Amino acid sequence: MRASVLRNQPCAPADRPVDDARVLRAVGGIMSASSSVDARFFGMLVERCVTEMGADGAWAHFHDEADSPVQTVFSTSCQVSGRGDLAAASAAVHALLRGGAALYLEKRSASLPQTPWFARFGAAACVAYPIGGGEGALAGHLALLFRARPGRAGPYIHALQALGAFARHALLVRPCRDREADGLREVVAQYEAVFQTAPVLVNVFGDDGKCLLWNEECERRFGWTMEEVNAHPEPLALFYPDPAVRAQVKASVGAEPSRLFREWHPLTRSGETLSTIWSNTRMPNGRVINIGLDITERKRAEADIVRLSRIDSLTGCWNRAEILDRLSQRLVWANRGGAGFTAMMLDLDHFKQVNDCHGHLGGDAALQHFCELLRACLRENDAMGRLGGEEFLVLLDEADARAGHAVFERLRFCLHAQPISLGGVPAVLTASAGIAVFGLGDATATDVLRRADQALYQAKHRGRDQAVVHQAGA
Ligand SMILES: Nc1nc2c(ncn2[C@@H]2O[C@H](COP(=O)(O)OP(=O)(O)OP(=O)(O)O)[C@@H](O)[C@H]2O)c(=O)[nH]1
């Protein structure tokens, strides 16, 4: 086998002309033939250096950081003798490449290593170029073998330089970049998972107004998917139909991330108005990141607490503090020239007897029954509150004494028509009332209450179950 190979080699190698275009084409072909750089790539590279570039043999030699050869890929044309010799040849060239520059070795000048393989191959010249390594990457060299000296080594050196740079990029730079990209993708995926599943409202809008991120909480609370939001010509209008409010929302977006949350009341798909607080930040690329909290439930609970703190728990009407507050507000309004009102103080007659006969629970039921009937006699804007015990205050808006009387008569009629059943026995409740129509002398709530109380006293004195209007000077 060895003899036949040697027999086929030219006995007196002559200079071989170099076809620059052919070399260039081969380089381009190798580079575009594979996107991944691995053993297969180098196998393809060395074969094409032989078949397309005009070399007689080629190899790619790699060593590790300790300078031990770890991998050599030879063109099939190099297989002229045992592998060990071949490895020794590539190692010998590698040893000469320490300077990091290209090498041109010739048999004629005795610069070609004296290892047996070169002789067996019939090598006249060798062009080698280092492939620089880097952290974690292989390093080594590419070599072309010629049985006839090439007319010029330059084109081959440049070809190996280009291929070496390509391989180095693929071995070192691309994996780094890929690793970085993988790391980045992982971070993005983590953030996205956090944004998507966070129990807070998170969304991102582009400077064209389109939604780019819409987390699960947004979808759950607003009822629209991101696609549905983006199907609207102006997505923000879905949540803020009022253009003036929209303008305020847009103007509130700051360039700096803000710890200050602003309260907004966006609409949901079902028409519910939410109470939300948002921190909105415009990024340098024009995107707006919005982080919000839905505080609708909290607001409702707070409102309930406030409301309950104003309500009399037994009867459900306003408590003393609230009804007096409302009286004061009406006074301020009326004294500023606003609409007047009439105050009516009501007191259940002989209520002590109800308690005495039917117990405290019976008395409570009587108070509730009385309030139910009284409430039914009032208009929406009127107010009724419990001053204490079995005493109540009613504020009748834009009402005079006649209107006050009419309300009382309605109540009286109802109380007689609808007796309460106490211990299985129907009992008719009656009440007395003192009516005080707002007058210019009423500066404070006490002024009004005093006059209503005087009239109530008269009603009791005159036999109960009636209303008396306070008369000035009475
Ligand atoms: N069941 C019940 N009784 C109450 C409540 N608050 C006050 N009372 C009772 O209401 C009764 C009021 O009695 P009085 O002030 O003597 O008045 P009255 O019996 O209605 O007599 P006149 O007002 O003069 O007609 C008392 O027995 C109080 O204990 C309450 O929340 N529940």
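These numbers come from the heavy atoms of this one structure, side chains and all, not from hydrogens, waters or symmetry mates. All ligand and atom numbering here is 1-based and tracks the order in the structure. Treat the numbers as computed from the prediction; the structure is a model and nothing was measured.
Aromatic pair Tyr156/Tyr129: centroids not less than 6.0 angstrom apart.
Ordered by chain and residue number, the residues placing a heavy atom less than 4.0 Å from ligand 1 are Asp347, Leu348, Asp349, His350, Phe351, Lys352, Asn355, His360, Gly363, Asp364, Leu367, Arg386, Gly389, Glu390, Lys460, Arg464.
Remark: Tyr240 engages no residue in a ring-ring contact (aromatic ring centres under 6.0 Å, His included) (not counting sequence neighbours). Residues meeting the side chain to side chain contact (heavy atoms under 4.5 Å, CB included) test with Ala401, sequence neighbours left out: Val437, Val469.
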In residues 194-207, what donor-acceptor pairs under 3.5 Å come from side-chain atoms, sequence neighbours left out?
unit_1, atom_1, unit_2, atom_2, d
Gln196, OE1, Glu216, N, 3.4
Thr197, OG1, Ala193, O, 2.7
Asn203, OD1, Asn290, ND2, 2.7

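Salt-bridge formation is detected for the pair Glu297/Arg300: a Lys NZ or Arg NE/NH1/NH2 atom is positioned less than 4.0 Å from an Asp or Glu carboxylate oxygen.
Remark: Arg386 is not positioned above the aromatic ring of Trp318, lacking an NZ or CZ atom under 6.0 angstrom from the ring centre and at most 45 degrees off the axis.
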